[in-house]
Amino acid sequence: QVQLVESGGGLVQPGGSLTLSCVVSGSTLVSLYRIAWFRQAPGKGREAVSAFTSDDEIDYAASVKDRFTMSRDNAKATVYLQMTNLRLDDTGIYYCAVRRLFDVREWNNPRGFDDWGQGTQVTVSS
């Protein structure tokens with residue numbers, strides 16, 4: 001089993017920035033098929049934010065494209081999500097998730113992931 005620990009959440013004003021981190025243990029990043037960030041707003045379902053595919057391409061949800069940047073440091077086994085120009089509707093719990101082996105489901109399907117972190121709260125409020 002792969003363990004994931006997110007950090008970096010907090011309270012920020014609209015237009016502000018935050019960078020989230022996800023430390024991965026129990027596997028190397030390069031051996032994982034897919035690594036993703038999801039979020040869940042109060043009263044809503046889990047929504048995909050971004051994901052690294054096995055060939056290192058990155059997919060983003062339309063709502064965060066050009067505002068959020070996903071990156072990785074293989075040596076530190078850490079994945080990052082840099083969030084800029086934050087909006088009120090970015091509020092939610094942000095989760096890191098991994099898929100260990102090939103899966104035919106789309107990158108934004110939460111059922112296509114094996115392991116999840118405990119999440120970190122991001123609150124955008126004035």
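Counting from 1, the numbers follow the sequence of the chain as shown.
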| Less than 6.0 Å separating the ring centroids of Tyr33 and Phe102? | yes
| request: May I ask you to check whether Phe38 and Trp116 place their ring centres under 6.0 Å from each other? | output: yes
Counting distance only, does the side-chain N/O of [X] pair as donor-acceptor with the main-chain N or O of [Y] below 3.5 Å?
X: Ser21; Y: Tyr80; result: no
X: Glu6; Y: Gln118; result: yes
X: Arg34; Y: Arg99; result: no
X: Tyr60; Y: Met70; result: yes
X: Asp103; Y: Gly112; result: no
X: Arg46; Y: Pro110; result: no

| Asn74 and Arg72: side chain to side chain donor-acceptor pair (under 3.5 Å), yes or no, with the steps? | CA-CA 6 Å; Asn74 291 338; Arg72 61 197 286 169; 3.0 Å; yes
| said: Less than 4.5 Å apart, side chain to side chain, heavy atoms only: is that true for Ser7 and Thr120? | reply: no
| note | Rounded to the nearest 0.5 Å, the OH atom of Tyr94 sits from the SG atom of Cys22 at a distance of 14.5 Å
| Which distance, rounded to the nearest 0.5 Å, do you find between the CD of Glu47 and the CG of Asn108? | 9.5 Å
| Residues Leu32, Val24; criterion side-chain contact (heavy atoms from CB on, under 4.5 Å); working and verdict | CA-CA 10 Å; Leu32 297 169; Val24 179; 4.2 Å; yes
| query | Going through the checks in order, is the side-chain contact (heavy atoms from CB on, under 4.5 Å) test met by Val98 and Ser27? | reply | CA-CA 10 Å; Val98 300; Ser27 175; over 6 Å; no
